Amino acid sequence: MKSEDLRIEQLEREIEDKKREINRLQAENIHLQETVRGLDSEAHKFKDLVYSSKFLFAIFMGENHVIDIANESIKEVWGKGDDVIGKPLLEVLPELKGQGIKELLDNVYHTGESYHADEVPIELVIKGKPELRYFDFTYQPQKNTKGEIIGVADIATDVTKQALLNKKIKKSEREFRKLVNFMPHKISLANAEGDTIFYNQNWLDYVGKDLEDFIGEPWTNILHPDEKEEVEQVVAECLTEGKNLDKEIQLRDRNGDYKWHICRATAVKNDEGEITSWISSSTEIQNLKIEEKRNEDFLKLISHELKTPVTSIKGYVQLLLSLLPSDNKEVDKKLIMKPYLNRIETQVERLIRLISEMLDMSRIEQNELDLKKEQFNLNQHAEEIIEDLTYSNKDIQLELENNFNCNVVADKDRIGQVLINFVTNAVKYSPTGNLVHIKIHKHNSEMAAVTVKDFGIGIEEKEQTQIFKRFYRISGEKADTYAGFGIGLFLSKEIIERHNGKIFVKSEVGKGSEFTFTIPLNHT
C-alpha cells in the first residue's frame with residue numbers, strides 16, 4: 001500500500017509538471033502570435049512605405065534576377081504593370097541587354113558588395129518608344145537568416161531633368177572657356193570672396209604658368225612692388241562695397257617685365273542682389289603708355305619753350321596798354337587798338353594757363369608737384385578769384401554764396417587754380433546760359449566744401465567717372481564743339497587729392513552740372 005501511495009504521488013507530480021509545461025507553451029504561443037502580428041504590422045507598414053515612396057524600389061531574387069518586389073514608382077518608369085512580378089528583369093526589360101545592368105547585378109549578387117552610381121544613362125522602351133533616362137541608383141545585396149545572398153535590392157532616383165541641365169551647364173562652360181580663350185583679353189573668374197577660380201589661356205601664356213600653379217598663388221604676386229599696397233587696398237574696398245574696379249595696373253610677365261594693363265572687374269549678382277562671383281578683364285596698354293609718355297615729354301618740352309616768349313608777349317601787351325590813356329569812353333572810341341590789345345591779353349592769359357597746366361601735368365607724372373601750404377580765408381580767396389573772373393567774363397553772372405566762413409591750410413594758388421578751372425568749365429559748357437552759382441559750405445566737421453553749379457549742357461552718367469582722366473574729352477559731336485585738351489579736371493583732381501580732399505560731380509543732361517571739392521579745415 002505504501003508503494004502504491006508513492007506511485008500515486010509521483011503521478012500527481014508529473015501531472016502538475018505537465019500542466020505547468022502546457023501553461024508555459026500556451027504563454028509562449030500567445031507571445032509568438034503577438035510577435036507574428038507585430039511583424040505582420042511592421043511588414044505592412046514597410047510595404048506601404050515602399051509602394052508609396054517616390055524613390056524607385058525593387059528586389060530581384062536569384063541569379064536570374066526575378067522581380068520579387070517592385071513599387072509603383074519604378075513600374076511607372078519602366079512603363080509596366082503588376083504582371084512584372086515573378087518574371088526575370090531582362091525578360092521584362094529586354095532593352096537593358098548590352099547596357100551593363102545585368103553585369104552590375106551579377107557582380108553584387110556573387111560578391112555581396114554594394115554598388116552606387118550617379119546620373120547613369122539608361123535607354124528604356126516606354127510605350128513602344130525608346131527614351132534615354134538618367135538615374136542615381138544603389139544595388140544592395142539581400143541575405144537570408146543564414147547570411148546567404150538570395151537577391152539584390154535596387155534603390156534608384158530618376159534624375160533625367162537634373163542630368164540634362166548639368167549637360168547643358170557643362171556644354172555652356174566648355175563654350176565659355178573656348179570663347180574666353182579665343183579673346184585677346186586676359187579674363188579671370190573669382191568667387192564672391194575674390195579668390196580666383198579660373199584664368200583664360202591668354203593669362204596663362206602671359207605669366208608662363210599652367211592653371212593649377214597660377215590659381216595656387218595670390219594674383220597680387222605679379223603686381224609692381226610700388227603699386228601693390230595701393231591696388232590691394234582698392235581691391236579690398238571693391239570686395240567690401242561691391243563696387244566695380246577700373247584701374248591701370250602694372251603686371252609682371254613671364255620674363256619678369258612689368259607691363260601696363262587696364263584692369264576692370266565687375267560683380268555678378270543673383271536675383272536677390274547677392275554677389276556670387278566676380279569677372280575681370282585685363283587689357284595690355286603698354287604701347288599706349290609708351291606713346292603717352294612720348295606725348296607728355298613732347299608737351300613738356302613745348303611748354304618750356306613756349307613759356308618764355310608767351311610771357312614776353314604778355315609783358316609787351318601790358319606795356320602798350322600802360323602807354324595808352326586811362327579808361328575814358330570818348331577816348332576809347334578813338335583808340336580802336338585798345339580793345340584788341342585787351343583781347344590779346346585775355347588770349348595770352350589763356351595760353352599761359354594752358355602751358356602751366358601742361359607743366360603741372362608733367363610734374364604730377366614725375367611726382368614733383370610741390371604744395372606751398374599756408375593759412376588763408378577760403379571765402380575771401382574765392383571772392384577775389386570771382387572778381388577777377390567777372391572782369392574777364394562780363395556776359396556771365398557769377399554768384400557767390402557764403403554759407404560757411406572758414407580758414408584752411410593749403411596751397412592758395414593751387415586751390416585757386418581748381419576753382420578757376422571749375423568756373424571756366426561751367427562757363428564753357430553753358431553756351432545758352434548766363435548764370436554760374438558758387439557756394440562755400442561745410443561738408444562735415446573736418447572738411448569745407450566749394451560747389452560750382454551751372455545750368456548748361458550737363459554730362460552723361462557714363463562719362464561722369466571718365467572726365468577726370470588725363471586727356472579725356474567728352475565723346476561725340478560735343479568734342480568738336482568745346483575746345484580743350486582734357487587736362488584741367490585731371491589736374492584739379494590730383495591737386496585736391498594731394499590736399500586729402502575729394503571731388504564730386506552731379507549732372508543731368510540738358511539741366512547742368514554741379515562740381516564740388518572738399519578741403520580740410522584748419523582747427524588751430
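Being a predicted model, the structure only gives us computed values, none of them experimental.
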| query | Taking it one step at a time, do E123 and R133 satisfy salt bridge (charged side-chain N to carboxylate O under 4.0 Å, His left out)? | reply | CA-CA 6 Å; E123 186 176 273; R133 299 284 189 92; over 6 Å; no

Between [X] and [Y], does any side-chain N to carboxylate O distance fall below 4.0 Å?
X    : Y    : result
E497 : K502 : no
E514 : K506 : yes
K439 : E399 : no
D253 : K259 : yes

| message | For a 4.5 angstrom cut-off between non-hydrogen side-chain atoms, does E284 reach W260? | response |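 They are not in side-chain contact.
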
| task | Answer yes or no: is there a side-chain heavy-atom contact under 4.5 Å between V450 and I519? | result |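 No; the side chains remain at least 4.5 Å from each other.
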
With distance as the sole criterion, is a donor-acceptor pair present between the side chains of [X] and [Y] under 3.5 Å?
X    : Y    : result
Q201 : D205 : yes
S188 : S280 : yes
T266 : N244 : yes

Please report the interatomic distance [atom1]([X]) to [atom2]([Y]), rounded to the nearest 0.5 Å.
X    : Y    : atom1 : atom2 : result
L398 : E387 : CG    : CD    : 11.5 Å
E227 : I249 : CD    : CD1   : 7.5 Å
I222 : L251 : CD1   : CG    : 4.5 Å
I285 : Q250 : CD1   : CD    : 10.0 Å
N202 : S281 : CG    : OG    : 11.5 Å
I122 : E131 : CD1   : CD    : 13.5 Å

| task | Hey, could you give me each pair passing ring-ring contact (aromatic ring centres under 6.0 Å, His included) that has a residue in residues 436-463? Not counting sequence neighbours. | result |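 Listed once each, the pairs are H443-F504.
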
| request: Not counting sequence neighbours, list each pair that qualifies as a ring-ring contact (aromatic ring centres under 6.0 Å, His included) and has a residue in residues 222-253. | output: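 ring-ring contact (aromatic ring centres under 6.0 Å, His included) check on residues 222-253 returns H224-Y258.
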
| task | Only counting residues at least two apart or in another chain, list the ones meeting side-chain contact (heavy atoms from CB on, under 4.5 Å) with T220. | result |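 Expected list: P218, L223, K228, E232.
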
| task | Under the side-chain contact (heavy atoms from CB on, under 4.5 Å) rule, collect the residues that match up with V159, sequence neighbours excluded. | result |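 Scan of V159 (side-chain contact (heavy atoms from CB on, under 4.5 Å), adjacent residues dropped) gives E119, Y134, D136, T157, Q162.
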
| message | Just to verify, which of H185, K289, K186 counts as forming a side-chain hydrogen bond (donor to acceptor under 3.5 Å, both in side chains) with H261? | response |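 Single pass found, and it is K186.
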
Plane angle bin for [Y] and [X] - parallel if under 30°, tilted between 30 and 60°, otherwise perpendicular:
X    : Y    : answer
F422 : F515 : tilted
W203 : F214 : tilted
F376 : H381 : perpendicular

Check for a donor-acceptor pair, side chain of [X] on one end and backbone N or O of [Y] on the other, with a separation under 3.5 Å.
X    : Y    : result
T240 : E237 : no
N402 : F404 : no
T276 : V268 : yes

| task | List for me each residue that meets side-chain hydrogen bond (donor to acceptor under 3.5 Å, both in side chains) alongside K373, sequence neighbours excluded, and say none if there are none. | result |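 Residues passing side-chain hydrogen bond (donor to acceptor under 3.5 Å, both in side chains) with K373: none at all.
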
Measure across [X] and [Y] and return the closest heavy-atom pair with its distance rounded to 0.1 Å.
X    : Y    : answer
L56  : D158 : CD1-N, 4.1 Å
C263 : S282 : SG-OG, 3.4 Å
R252 : Y206 : O-CE2, 3.4 Å
I459 : I467 : CD1-CD1, 3.9 Å
A192 : L239 : O-CD2, 4.3 Å
C406 : I440 : SG-CG2, 4.5 Å

| Going through the distances and angles, do I415 and D411 end up as a side chain to side chain contact (heavy atoms under 4.5 Å, CB included)? | CA-CA 6 Å; I415 296 301; D411 188 315; 5.5 Å; no

| query | Which residue pairs pass the salt bridge (Lys or Arg N to Asp or Glu O under 4.0 Å) test when at least one of the two sits in residues 260-271, sequence neighbours left out? | reply |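 Found D246-R264.
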
